[in-house]
Structures are given as structure tokens and as C-alpha cells.
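Read through the structure below, which is laid out as C-alpha cells, and then see the notes.
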Amino acid sequence: MNKKFEKLGFYPADILLPKDQDMRKWAVVACDQFTSQPEYWQRAEHLADGKPSTLHIVLPEAYLGTPQEAERLESIRRTMEEYRKSVLTRKVHGYVYVERTQMDGTVRQGLVGAVDLDAYDYAKGSKPAIRPSESTVVERIPPRLKVRRGAILETPHVMMLADDEKKTLIEPIGDHKDSLPLLYDGELMLGGGHLRGWAVEDPALIDQINAALADLADEKKFAARWPRAAGEPPMVLAVGDGNHSLATAKSCYEELKKNNPGVDLSNHPARYALVELENIHDPAQVFEPIHRVIFKTEPKKLLKALEEACAGAEGFPVKWYAGEESGTIVLDKNKGELAVGILQHFLDDYLKENAGEIDYIHDDDALIGFAKQENAIGFLLPAMEKSQLFRGVIADGVLPRKTFSMGHSREKRYYLEGRKIKA
């Protein structure tokens, strides 16, 4: 690797792809979606039944802690071995440029490549080139480690973000797409939209990507844009979606290093994780709010405690639903910069002392529906401005967890490409 580019943190990879597979069966939405809607995954299972599908090599989080979990983990290992030999038979050495046509017809651009886990850290106070945008809950990592430990393959749903206002990184590759080999082109299952991908293997285009990343990593330019962070290591990329999945890959890699003292693992495939990189300035990139619903609680008691702890005359109006009742509470702006942060901090403290289980819901109608259940209350949160992400992470470290969602739940990244993670 060119020394000039060795600290950028995002690189070409050996990317594996299936040959001649039906996209509606092969590609499956990120496993952390629809956790409270098992009927979605039942429909996906029906579509993928008896066919090669990434659904057979991932564990939807709706199954975590269920009797099916252990059996599915065993099946995942066997299926990965089979797919590596007979299904994932195409390889791209470079990047994959992707275009996702969303439900509203807009086209979101991305670049699939490998993140260097040595350039990423989720530890509080760390300032690596690649940073999480939201707080990492370490308790959420062990269940995911069960899947990654022993796995020979990974399929990515992590989406990274670049703050590329001049559009020098991804968009110029799109301008060349007609001259690139088309890898896939098809509809995604269950209303996921349309997806196309092209191979980016031309050394000149790869050097162009590296040069754009190097510009984003330039210390002087970083300091000029973010004067409060002058003198600090530049933040090149942020995790936009899949924070805990990337943290799991990091944990697995650190575990490997710990178990192999003195062994040079600098070229080990586990040092990297496959992701899709997108530009936060892409007009098709929309931040959606992530709502909160609390089950198995006493809604009136919780609401009263929230009012006493966080309500104010001026601040952020948040709509709540409980059974057939609804209303609005104004969260005091002196309690925090974002409504989601004020509410999440309260819920964290409240649920330590009181009964209740929290879930994070992307869709307005789904939130309202869940809140109609007995002993449930839901909060409909406003969306965060995209401009707040890099500014907030650079200034304050991380945003509150589950602050935002990159698009609608059906517009999340679908598993499609693969990569070997065992030497």
C-alpha cells in the first residue's frame, strides 16, 4: 500500500459475490430491523426457503434469545462453508459502487470497501480516524460475537458516512459507471427498492478514491473546518448505521490479537470489516428519527416521572401514545441539545429502577400500533438534522444511542456482498 494512504482507514477488498442469483431471494435486509415484527422475518423465510440467500448466513435479532438461536447458529456455519465453495464464486478486488433506488424514487450512492479496524475505536474519549456516531452499549456486543466467532465469511450491513461537501469521493465514481462492469441489477425483497452495483478495479479510480480520502484526512483542512478541534487527529469517517456490528468486528479482532501474542496479524482478514460508505451530503441520504416504545410498564407512572424530571416551558415537543390516549410533552431544552438525548437519558435511569422493556421503532405507524398494547407507552421523536452529526461527534464524542436512522427501515442496507474473514 502507498505510504501516503496507509492511515486513511478505508481500502479496496476482495469482495465475493454470487453468480446468477435472484436478488429478491439472495439479498436480505439488515438483521437489526423489525425486531418486534417477527412476521416480517417469517415472510422473508418463506421467500428464501430452499434457495441460496444471505438470510441463511445471518441471525436476525428477532431470534436472539429464542429456542431457535442455537440451531440457527449451527446452520449458519454449515451454510457459510457451502456458499463459499459453490455460491460466492465471483470476486472483485477493489470496491463496489452501488446505487440504491429508494421508495420515493431517489437514488442513494455508495461505495463498498473495507474499514481498517485498527483505525476505529468505540472506547469513550478515543479520537481515531473512524469513529462511532452514537454510544456503544457493550452489553449488546456478546450476542453478536456468537455469530462472528468461528464464521468464515461476513456480509455487510454497516453504513459509514463521509463529510464530503465537495463530493469528491463517491460521486465521481458514479460519473464513470457506464464504463464499469455491472455486477448486479435487481429488485430487493419485501419493498426494499432497486439495487445496482458496479466493479471498481481500475487502479486510476482507486487512486482517485484514495486521494479524496487523503484530502478529508488532511490535518490543516480539518482544523480550518472545525476550529474547536484544531490540533486533534482528524475524524475521516463516522459510523452511520450498524454501530454495534462494527464494534463486534472490532471486539473479535482484538480477541484474536489477545489470543495470539507476538503473531503478526497486520495482514489478517479479520483486521478489516466490509462496509458501505456514503456521503452525508447526498440529497438522497435522509435521517429518520428512531422512536421509543416501552412495554411491560405503567404508562401513567412513567409519564408523570418524565414530566417531573424533564418537562419545561421551552424546548422540544414530543408526542406520546399510550393505549387510546395521546398527548405532547415539552422536554426542557436546558436538559440537552437533542430531544432524543433527554428522553433516552431519562429512560435509562427510569428503567433501572422500574419495570419495563424498551424497543426502538423506525416507523410512525408501527410505533403508534405498539403503544396501543396493554402496559405500553410510545414516544414519537423528531428527526435530527444531518449537519449535527459530524459537528456533534467532533465536539462531544458521540451522540446518544439510537439518535437517528439512515432512512426508512426497508431502506437499510441489504446483505449482498461477502468477504472472507478467516486466514
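For this chain, numbers begin at 1 and follow the sequence in order.
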Looking at every non-hydrogen atom in both residues, tell me the closest pair between [X] and [Y] and how far apart they are.
| X | Y | result |
| --- | --- | --- |
| Val147 | Arg77 | O-NH1, 2.9 Å |
| Leu161 | Gly240 | CD1-CA, 3.9 Å |
| Gly197 | Val96 | CA-CG1, 4.1 Å |
| Gly242 | Val158 | O-CG2, 3.6 Å |
| Tyr120 | Pro132 | CE1-CD, 4.0 Å |

Margin query: Applying ring-ring contact (aromatic ring centres under 6.0 Å, His included) to His291 and Tyr360, what does each step give before you reach the verdict?
Written below: CA-CA 6 Å; His291 310 305; Tyr360 302 91; over 10 Å; no
Next item on the list: Take Thr297 and Asn354 through the test side chain to side chain donor-acceptor pair (under 3.5 Å) and record every step on the way to the result.
Entry: CA-CA 8 Å; Thr297 191; Asn354 298 272; over 6 Å; no
Less than 4.0 angstrom from a charged side-chain N to a carboxylate O is my criterion; do [X] and [Y] meet it?
| X | Y | value |
| --- | --- | --- |
| Asp22 | Lys25 | yes |
| Lys127 | Glu232 | yes |
| Arg271 | Asp118 | yes |
| Lys304 | Glu308 | yes |
| Lys372 | Glu324 | yes |
| Asp121 | Lys250 | no |
| Glu154 | Arg148 | yes |
| Lys257 | Glu254 | yes |

Next item on the list: Using atom types as modelled and distance alone, determine if a side-chain donor or acceptor of Gln21 lies under 3.5 Å from a backbone N or O of Val87.
Entry: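 No: the side chain of Gln21 does not pair with the backbone of Val87.
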Notebook entry, point to check: Any donor and acceptor pair, going by atom type alone, linking the side chain of Tyr83 with main-chain N or O of Ser53 inside 3.5 Å?
Noted result: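 Pair found, side chain donor or acceptor close to backbone of Ser53.
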Next item on the list: Under the salt bridge (charged side-chain N to carboxylate O under 4.0 Å, His left out) rule, collect the residues that match up with Asp32, sequence neighbours excluded.
Entry: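 Salt bridge (charged side-chain N to carboxylate O under 4.0 Å, His left out) check on Asp32 returns nothing, list empty.
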Find out whether [X] and [Y] are in side-chain contact, i.e. whether some heavy atom of one side chain is under 4.5 Å from a heavy atom of the other.
| X | Y | answer |
| --- | --- | --- |
| Thr54 | Leu416 | no |
| His362 | Gln33 | yes |
| Arg292 | Leu381 | yes |
| Glu255 | Arg149 | yes |

Next item on the list: Fit a plane to each ring of Tyr11 and Tyr272, take the angle between them on a 0 to 90° scale, and name the class: parallel (under 30°), tilted (30 to 60°) or perpendicular (over 60°).
Entry: perpendicular
Margin query: Once you measure the plane-to-plane angle for Phe34 and Trp41, does it fall in the parallel (<30°), tilted (30-60°) or perpendicular (>60°) bin?
Written below: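 Ring orientation of Phe34 relative to Trp41: perpendicular.
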Next item on the list: For side chain to side chain donor-acceptor pair (under 3.5 Å), just list the numbers for Lys412 and Ser405, CA-CA rounded to whole Å, side-chain angles, deciding distance to a tenth of an Å, and then say yes or no.
Entry: CA-CA 9 Å; Lys412 297 297 182 180; Ser405 170; 2.4 Å; yes
Check: side chain to side chain donor-acceptor pair (under 3.5 Å) with Asn279: which of Glu171, Arg108, Glu165, Gln285?
Finding: Glu171
Note to self: My understanding is that only one of Arg196, Glu276, Gln109 makes a side chain to side chain contact (heavy atoms under 4.5 Å, CB included) with Val98; could you say which?
What the structure shows: Glu276
Margin query: Walk me through whether Phe346 and Phe379 qualify under ring-ring contact (aromatic ring centres under 6.0 Å, His included).
Written below: CA-CA 13 Å; Phe346 164 80; Phe379 295 92; 8.1 Å; no
Check: Regarding Ser409 and Asp363, is there a side-chain donor-to-acceptor distance under 3.5 Å anywhere?
Finding: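 On atom types as modelled, these side chains qualify, holding a pair under 3.5 Å.
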Next item on the list: With Arg72 as the cation and Tyr63 as the aromatic partner, state whether NZ or CZ is under 6.0 Å from the six-membered ring centre and within 45° of the axis.
Entry: yes
Is the [atom1] atom of [X] crowded by more than 12 outside heavy atoms at less than 6.0 Å?
| X | atom1 | value |
| --- | --- | --- |
| Glu288 | CD | yes |
| Asp104 | CG | yes |
| Glu71 | CD | no |

Notebook entry, point to check: Would Trp26 and Tyr414 satisfy ring-ring contact (aromatic ring centres under 6.0 Å, His included), going step by step from the backbone distance to the final call?
Noted result: CA-CA 10 Å; Trp26 171 257; Tyr414 273 55; over 10 Å; no
Next item on the list: Take Tyr415 and Glu417 through the side chain to side chain donor-acceptor pair (under 3.5 Å) test and state the conclusion after the steps.
Entry: CA-CA 6 Å; Tyr415 301 105; Glu417 304 87 353; over 6 Å; no
